[in-house]
**Q** 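Before I ask anything, let me first share the structure, which is written out below as structure tokens.
Computed from heavy atoms alone, side chains included, the values below leave out hydrogens, waters and symmetry copies.
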Amino acid sequence: MTAAFVTLLVLAPAVPAQAHTGLISSDPADDSTAQTTPERIQLRFTDPMSSEFSKVSITIGTSPRRVLVVDPETSGSTVSVDLSDVELPPPPRGSGDVAWDVAYRVISADGHPVDGTIRFTAPLPPATTLGDTGSHESKSPKAEPSTAAAKSNGGDFRSTAILIGVGVALACLLPLSILLWVIKRDQRRRRATSE
């Protein structure tokens, strides 16, 4: 019995303990320097992740520091954040590279919460230029149809009001013309009878 107990004690450490869910890698990688502004940040975990209750916040080391809280996309064990439509702050003067702190709190498919932070350095997109003004101008025509629609709606209203006015006038004038016609016809008959 003692031998069996000692054997269990010796073999027990060899039994693999259940591994906890954790971060395997990221893109951009932790403690790396990206050459361009990332359009997407990906976090890869050991286990599949749940798409519910997952949050990612990105702190960009400008002055003042900009914090973006986003809802990530989940696909299996990969959690990703699409930055293509996110408004990023302009780069600081003198250097385009800033520190990005990506804090995540996600839930694995089996319900274990996982949180942590990765940090990398990457440039920010250039500040607004004349080219960006052109892009704003390209967006302005989108507002023009609504203005044109408002004008056309106003024109439609006026046309409708005119048609209603003409209809009311005709509705009033038609009985009056019939009445005048009947009166004249009676007068002619009376004249014809008297003659």
**Q** Val81 pairs by side chain to side chain contact (heavy atoms under 4.5 Å, CB included) with which of Leu43, Leu68, Val56, Val86?
**A**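 Exactly one option meets the side chain to side chain contact (heavy atoms under 4.5 Å, CB included) with Val81, and it is Val56.
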
**Q** Checking Asp30 against Leu23 for the side chain to side chain contact (heavy atoms under 4.5 Å, CB included) test, could you report, in this order, the C-alpha distance in whole Å, the side-chain angles of both residues, the deciding distance, and whether it holds?
**A** CA-CA 11 Å; Asp30 191 20; Leu23 182 70; over 6 Å; no

**Q** For Thr21 and Asp47, does a side-chain donor sit closer than 3.5 Å to a side-chain acceptor?
**A**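 Yes, side-chain donor-acceptor contact under 3.5 Å.
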
**Q** Under 4.5 Å between side-chain heavy atoms, hopping through other hydrophobics if needed: is there a path connecting Leu83 to Val70?
**A**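 Both belong to a single hydrophobic cluster.
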
**Q** Please table the atom pairs, donor to acceptor, closer than 3.5 Å between any side-chain atom in residues 98-107 and protein atoms at least two apart or in another chain.
**A**
unit_1, atom_1, unit_2, atom_2, d
Trp100, NE1, Ala122, O, 3.1
Asp101, OD1, Arg119, NE, 2.5
Asp101, OD1, Arg119, NH2, 3.3
Asp101, OD2, Arg65, NH2, 3.4
Asp101, OD2, Arg119, NH2, 2.8
Arg105, NH1, Asp115, OD2, 3.1

**Q** Less than 4.5 Å apart, any side-chain heavy atom of Phe120 and any of Pro38?
**A**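 Of all side-chain heavy-atom pairs linking Pro38 with Phe120, at least one is under 4.5 Å.
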
**Q** Quick one: does any side-chain atom of Thr33 pair with a main-chain N or O of Thr121 as donor and acceptor, under 3.5 Å?
**A**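 Checked: no pair found.
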
**Q** Is there any side chain to side chain donor-acceptor pair (under 3.5 Å) pair reaching into residues 69-81, and which pairs are they, with sequence neighbours excluded?
**A**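 Matches after skipping sequence neighbours: Arg40-Glu73, Arg40-Ser80, Lys55-Asp71.
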
**Q** Shortest non-hydrogen contact from Thr37 to Pro125?
**A**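 Minimum heavy-atom separation between Thr37 and Pro125: OG1-N, 3.5 Å.
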
**Q** So which atom in Ile60 and which in Pro89 form the shortest heavy-atom distance, rounded to 0.1 Å?
**A**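 Shortest heavy-atom contact: CD1-CD, 3.9 Å.
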
**Q** In terms of heavy-atom contacts, does CZ of Arg185 have more than 12 from other residues, nucleotides or ligands at under 6.0 Å?
**A**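 Result for CZ/Arg185: enclosed.
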
**Q** Might you point out which heavy atoms bring Ser26 and Pro28 nearest each other, and give the distance in Å?
**A**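 Of all heavy-atom pairs spanning Ser26 and Pro28, the closest is OG-O, 2.8 Å.
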
**Q** Write down the atom of Gln35, the atom of Pro123, and the distance for their closest heavy-atom approach.
**A**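 Looking at all heavy atoms of both residues, the shortest contact is O-CG, 3.5 Å.
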
**Q** Rounded at 0.5 Å granularity, tell me how far CE in Met49 sits from NE2 in His112.
**A**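 Here the interatomic distance stands at 10.5 Å.
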
